[in-house]
Peer 1: 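After the structure tokens below, expect a handful of questions from me.
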There are 2 protein chains.
Amino acid sequence: MKNNKSTGEILREKREEKGLLLRHVSAELDIDTAILSKIERSERKATKEQILKLAEILDLDKDNLLVQYLSERILYEIRDEELGSKALKVAEQKMKYINNQKSQD
Amino acid sequence: MKNNKSTGEILREKREEKGLLLRHVSAELDIDTAILSKIERSERKATKEQILKLAEILDLDKDNLLVQYLSERILYEIRDEELGSKALKVAEQKMKYINNQKSQD
DNA sequence: TTATATTTGACCTTAATTGTCAAGTTAAAT
DNA sequence: ATTTAACTTGACAATTAAGGTCAAATATAA
């Protein structure tokens with residue numbers, strides 16, 4: 001399947017591919033290396049702004065990275081919820097409904 | 001379609017159906033009427049605990065109410081995100097993948 | 001009108017998120 | 001084996017967001 005890599009893994013792989021150090025990238029993000037280290041190991045969440053900046057720094061597709069990131073936030077929202085899966089489906093239904101409404105004005 | 005009513009609307013309808021006042025229900029929840037009023041008008045989110053207690057007080061199906069509630073939290077997470085819809089789909093894929101992994105140990 | 005129910009908004013408290021810093025590991029290179 | 005640079009860890013501080021109170025303003029209904 002696709003989408004099996006976490007945002008953190010994507011970021012680390014690409015950073016190493018480019019031969020950049022935590023120090024280099026975290027300086028551009030204006031945060032401590034500790035945080036970037038944690039983000040790459042999925043121990044912390046990045047902010048949306050950091051994700052967008054990381055896409056630039058590492059030449060990653062912005063939309064793709066953002067979708068990965070947002071999907072992780074969604075899953076985080078329903079962590080340890082037994083009904084998470086159902087909730088996701090209902091959320092999609094609602095979303096479709098809302099989008100329909102919008103396209104009808 | 002189903003699922004077109006917000007959690008707040010569900011709560012208000014059922015409360016009025018039962019002839020209960022904000023005062024009665026909010027007392028049981030141990031919060032001010034102001035908050036319950038806002039929850040019913042979707043101006044504030046309830047906590048998970050409040051949702052569960054509300055299901056009891058109002059004789060609503062717990063799982064149903066919780067799913068409604070969680071789906072709203074999910075949608076809130078991606079409010080004003082253009083890529084929200086894609087993120088939702090990816091979240092579902094990831095969820096399936098995770099569930100597969102779990103059933104294989 | 002007067003009483004009761006609900007709503008609104010200003011403000012406070014608590015909890016979660018995001019961050020720093022310094023000390024601890026790990027790994028590579030002599 | 002020792003040094004050096006990169007990364008990781010955990011305690012804690014700052015900031016932002018969530019959840020709450022209260023009192024005054026609006027409905028609603030008798």
Side-chain angles (χ1 to χ4, degrees), chain A residues 6-55 57-58 65-66 68-81 84 87, chain B residues 6-55 57-58 65-66 68-81 84 87:
Chain A
S6 71
T7 303
E9 287 169 332
I10 294 170
L11 294 173
R12 173 147 295 185
E13 275 184 21
K14 200 67 194 292
R15 174 174 65 79
E16 291 182 339
E17 225 176 280
K18 299 205 125 199
L20 296 169
L21 299 178
L22 284 178
R23 167 156 65 77
H24 299 136
V25 177
S26 65
E28 287 212 58
L29 291 177
D30 196 27
I31 53 171
D32 197 274
T33 56
I35 297 184
L36 184 54
S37 166
K38 284 168 188 169
I39 289 171
E40 288 185 346
R41 287 169 302 105
S42 305
E43 202 187 301
R44 285 270 182 114
K45 284 172 293 192
T47 65
K48 186 186 175 184
E49 289 62 42
Q50 288 164 348
I51 288 295
L52 296 177
K53 198 147 193 185
L54 281 164
I57 297 170
L58 301 175
L65 194 63
L66 197 50
Q68 283 303 319
Y69 168 72
L70 290 173
S71 69
E72 278 173 17
R73 297 194 64 127
I74 290 169
L75 290 177
Y76 183 75
E77 189 66 29
I78 53 178
R79 68 194 177 284
D80 12 277
E81 285 293 345
Chain B
S6 72
T7 303
E9 287 169 333
I10 294 169
L11 294 172
R12 172 146 297 184
E13 275 182 22
K14 201 67 191 296
R15 175 174 64 78
E16 292 182 337
E17 224 175 281
K18 301 206 123 198
L20 295 169
L21 299 177
L22 284 178
R23 172 156 61 77
H24 299 135
V25 178
S26 65
E28 287 214 56
L29 291 178
D30 195 28
I31 54 171
D32 196 275
T33 56
I35 296 182
L36 184 53
S37 167
K38 284 169 188 169
I39 289 172
E40 288 185 345
R41 287 170 299 107
S42 305
E43 203 186 300
R44 283 270 183 113
K45 284 171 292 190
T47 66
K48 185 186 175 183
E49 289 62 39
Q50 289 165 348
I51 289 294
L52 296 175
K53 199 147 192 187
L54 282 164
I57 297 169
L58 302 175
L65 194 63
L66 197 50
Q68 283 303 317
Y69 168 72
L70 290 173
S71 70
E72 277 173 19
R73 297 194 64 124
I74 290 169
L75 290 177
Y76 183 75
E77 189 66 32
I78 52 177
R79 68 195 177 284
D80 14 274
E81 285 292 345

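Just so we're on the same page: letters track the sequence lines, and every chain starts at 1.
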Peer 1: Please give me the minimum heavy-atom distance between L58(B) and K14(B), naming the atom from each residue.
Peer 2: O-NZ, 3.0 Å
Peer 1: For DNA chain C, what residues of residues 19-27 of chain B have any heavy atom nearer than 4.0 Å?
Peer 2: L21(B), L22(B), R23(B)
Peer 1: With a 4.0 Å limit, can you tell me whether R41(A) has a side-chain N or O closer than that to the phosphate oxygens OP1/OP2 of dC7(D)?
Peer 2: no
Peer 1: For E40(B) and dA5(C), give me the distance from atom CD to atom C1', rounded to whole Å.
Peer 2: 12 Å
Peer 1: With side-chain contact (heavy atoms from CB on, under 4.5 Å) as the test, would you mind laying out the steps for K18(B) and I57(B) before giving the verdict?
Peer 2: CA-CA 10 Å; K18(B) 301 206 123 198; I57(B) 297 169; over 6 Å; no
Peer 1: Measuring from atom CG of D30(A) to atom NZ of K53(A), what distance do you get when rounded to the nearest 0.5 angstrom?
Peer 2: 7.5 Å
Peer 1: If you compare every side-chain N and O of R15(B) against the phosphate oxygens of dT6(C) (OP1, OP2), does one of them come in below 4.0 Å?
Peer 2: yes
Peer 1: Could you walk me through whether Q68(B) and I51(B) pass side-chain contact (heavy atoms from CB on, under 4.5 Å), step by step?
Peer 2: CA-CA 10 Å; Q68(B) 283 303 317; I51(B) 289 294; over 6 Å; no
Peer 1: Does dT7(C) have OP1 or OP2 sitting under 4.0 Å from an N or O in the side chain of S37(B)?
Peer 2: yes
Peer 1: Hey, which of L21(B), L22(B), V25(B) is the one that makes side-chain contact (heavy atoms from CB on, under 4.5 Å) with T33(B)?
Peer 2: L22(B)
Peer 1: Would you verify whether the NZ or CZ of R73(A) falls within 45 degrees of the ring axis of Y76(A) while also being under 6.0 Å from that six-membered ring's centre?
Peer 2: no
Peer 1: May I have the distance from L36(A) (atom CG) to dT18(C) (atom P), rounded to whole angstrom?
Peer 2: 15 Å
Peer 1: Work out which heavy atom in S37(B) is nearest to a heavy atom in R41(B); give both atom names and the distance.
Peer 2: OG-NH2, 2.8 Å
Peer 1: Would you mind reading off the distance between K48(A) atom NZ and dT18(C) atom P, rounded to a whole angstrom?
Peer 2: 14 Å
Peer 1: Can you check each nucleotide of nucleotides 10-30 of chain D against protein heavy atoms at under 4.0 Å and return B for base, S for sugar-phosphate only, - for none, in 5' to 3' order?
Peer 2: B-------SBBBB--------
Peer 1: Would a 4.5 Å heavy-atom cut-off, applied to side chains only, mark R15(A) and R12(A) as touching?
Peer 2: yes
Peer 1: How many Å lie between CD on E77(A) and P on dA16(C), as a whole number?
Peer 2: 12 Å
